[in-house]
2 protein chains.
Amino acid sequence: MKYNLAKDKFIQTWGTLGSSWGISRTMAQVHALLLISPEALSAEEIMADLKISRGNANMTIRDLMGWGLVFKELRAGDRKEYFIAEKDIWKVAKQIIKERRKREIEPVLAVLEELKKIEGAKDDKKNKAFVEAVTNIESVVEKADFALDRAIKLDENALVNALFKLFK
Amino acid sequence: MKYNLAKDKFIQTWGTLGSSWGISRTMAQVHALLLISPEALSAEEIMADLKISRGNANMTIRDLMGWGLVFKELRAGDRKEYFIAEKDIWKVAKQIIKERRKREIEPVLAVLEELKKIEGAKDDKKNKAFVEAVTNIESVVEKADFALDRAIKLDENALVNALFKLFK
DNA sequence: AATATCTTTCAAATATTATTGAAAGTTTAG
DNA sequence: CTAAACTTTCAATAATATTTGAAAGATATT
């Protein structure tokens, strides 16, 4: 396979994966492009390479920086901004876990906690089923949250070694 | 909070969470409704409760059954089909992990493996960066895949105990 | 201060995805 | 066999999400 073909296939695979995980296709594609790029790229280059508009490129890069996955690189004597991705995939994974925990898990836990305070007779069938469902969900979500919180505090090798031992 | 309000809030929270995880809002809502419902519901009841069309209800229920999260319940002397959700949230989580592993992780690993076979000089800067990125991603994805594969083979308590020990 | 270079914004356009509803299909009962 | 009861399909429609591009905003240069 030729470089350009492989590159396109990688970008498109990453894009598809992204969109099934709540990340926009373009965001995943820009990330993919930067991941395999040996040097930082300007907005101009990203636009040209992925054939996307200036506005889209700008917003997408902004989002990626918001997720802590992409960084600006400034060059002396050059007014353009260049962008480079974090190349350590374990760091990338940790960063994504961290952000999604904050953005999605925490608010859901808060709502679940609230919902358990439902009024009404505890022996009402519906109420009982409701509180049970919410309590169970909360318990599993909390455990997952706990595990993820710890996972992101370990480095890749420590975690992997521990998991290997765990699942021996 | 009154039951109906709590119920709506739960359904809507689950729906929002679903849509940020690549599951359609309606699918998550139907799942939420069945999760808190003490008995199986007919398509008719689901349509009425969530105010969705017959077609939508049918397709969504079908999808949920495809994910192994919802089951048919037939009643003697009744031609209607009733639907009930798996209430054990740990089983639900395992089922989702299992399906996503099969539907998303496995195909991506196959593509990554393919992409490493890129032609060209190994010392070309671009090629080198490409193969490195792909190799690193593959390694992290494989480890995650391994961990998830083992996780779904344990029961909730065994896993949680092990994790607690791990992160002591 | 005027111009050039680059970045940001955002309303409008486009593309994608989800939903509806009526018609067709299926199964059971009489 | 025919009707009734229910389920499934799918083309049309609606809703949502993404993308564009031109204008406005910055910031540096002359």
Side-chain angles (χ1 to χ4, degrees), chain A residues 11-34 39-67 70-84 103-104, chain B residues 11-34 40-67 69-84 103-104:
Chain A
I11 289 172
Q12 115 102 25
T13 301
W14 214 235
T16 304
L17 189 66
S19 54
S20 65
W21 284 85
I23 287 158
S24 93
R25 185 156 31 79
T26 303
M27 190 166 152
Q29 287 179 343
V30 171
H31 186 225
L33 175 61
L34 291 174
E39 305 106 11
L41 300 178
S42 66
E44 212 70 41
E45 292 167 307
I46 293 169
M47 284 164 56
D49 206 317
L50 299 178
K51 293 173 181 70
I52 60 174
S53 72
R54 185 171 300 286
N56 194 7
N58 183 273
M59 282 182 160
T60 299
I61 292 165
R62 188 148 308 283
D63 275 353
L64 283 167
M65 290 195 297
W67 277 79
V70 163
F71 305 95
K72 253 185 210 174
E73 194 182 274
L74 297 174
R75 293 177 186 174
D78 191 342
R79 286 177 56 187
K80 267 206 209 72
E81 298 177 331
Y82 293 80
F83 303 96
I84 192 156
R103 296 176 195 208
E104 293 155 13
Chain B
I11 289 172
Q12 114 102 24
T13 300
W14 214 235
T16 305
L17 189 66
S19 55
S20 64
W21 285 84
I23 288 157
S24 91
R25 185 157 32 79
T26 303
M27 190 165 151
Q29 287 179 342
V30 171
H31 186 224
L33 175 61
L34 291 175
L41 300 178
S42 65
E44 211 70 41
E45 290 168 307
I46 294 170
M47 286 165 56
D49 205 317
L50 300 177
K51 293 172 182 70
I52 61 175
S53 71
R54 184 171 301 286
N56 195 8
N58 183 271
M59 283 181 158
T60 300
I61 290 166
R62 189 148 306 285
D63 276 353
L64 283 168
M65 290 195 298
W67 277 79
L69 300 174
V70 163
F71 305 94
K72 254 184 208 172
E73 193 182 276
L74 297 174
R75 293 178 186 173
D78 190 343
R79 285 178 56 186
K80 267 205 210 76
E81 299 177 333
Y82 293 82
F83 303 96
I84 192 155
R103 296 176 193 208
E104 293 155 13

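Residue numbers start from 1 in every chain, and the chains themselves are labelled A, B, ... in the order their sequence lines are given, proteins ahead of strands.
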Separation of Lys72(A) atom NZ from dC6(C) atom P, in whole Å? 14 Å

For the base of dT8(C), is there a side-chain donor-acceptor partner from Arg54(A) under 3.5 Å away? no

Could you check whether Glu45(A) and Ser42(A), counting side-chain N and O atoms only, form a donor-acceptor pair closer than 3.5 Å? yes

Whole angstrom value for the distance that separates P of dC6(C) from CD of Glu73(A): 16 Å

Hey, what's the ring geometry for Trp21(A) with Trp21(B), parallel, tilted or perpendicular (30° and 60° as the breaks)? perpendicular

Side chains of Asp63(A) and Ile23(A) in contact at under 4.5 Å (non-hydrogen atoms): no

Any base atoms under 4.0 Å from Glu81(A), or only sugar-phosphate, or nothing? Heavy atoms, all strands. sugar-phosphate

Determine whether Phe83(B) and Lys72(B) make a side-chain contact, defined as any pair of heavy atoms from C-beta on separated by less than 4.5 Å. yes

Within this structure, what is the CG-to-C1' distance between Asn56(B) and dT17(C), rounded to whole angstrom? 12 Å

Find the distance Asp78(B):CG to dT27(C):P and express it as a whole number of Å. 17 Å

Give me the first and last nucleotide of DNA chain D, going 5' to 3', that has any atom under 4.0 Å from a heavy atom of chain A. dT18(D) to dA28(D)

Distance check needed: dT19(C) P versus Asp63(B) CG, whole Å only. 11 Å

Assert: residue with more 5' nearest nucleotide on DNA chain C, out of Arg79(B) and Lys51(B), is Lys51(B)

Find out whether Arg25(B) and Thr16(B) are in side-chain contact, i.e. whether some heavy atom of one side chain is under 4.5 Å from a heavy atom of the other. no

Any non-hydrogen side-chain atom of Trp67(A) less than 4.5 Å from a side-chain atom of His31(A)? no

Length of the line joining Arg75(A):CZ and dT5(C):C1', which is rounded to integer Å: 17 Å

Out of the candidates Ile52(A), Ile11(A), Leu41(A), Val70(A), only one should pair with Val30(A) under the side-chain contact (heavy atoms from CB on, under 4.5 Å) rule; please name it. Ile52(A)

Would you mind reporting whether Ile61(A) and Leu34(A) have side-chain heavy atoms less than 4.5 Å apart? no

My understanding is that only residues two or more places apart in sequence, or in another chain, count here; which of them pass side-chain contact (heavy atoms from CB on, under 4.5 Å) with Arg75(B)? Ala40(B), Glu73(B), Asp78(B), Tyr82(B)

d(CG, Leu41(A); C1', dT7(C)) in whole Å: 17 Å

Find the distance Met59(A):CE to dA12(C):P and express it as a whole number of Å. 15 Å

Members of residues 20-27 of chain A that approach DNA chain D, where some heavy atom sits under 4.0 Å away: Ser24(A), Thr26(A)

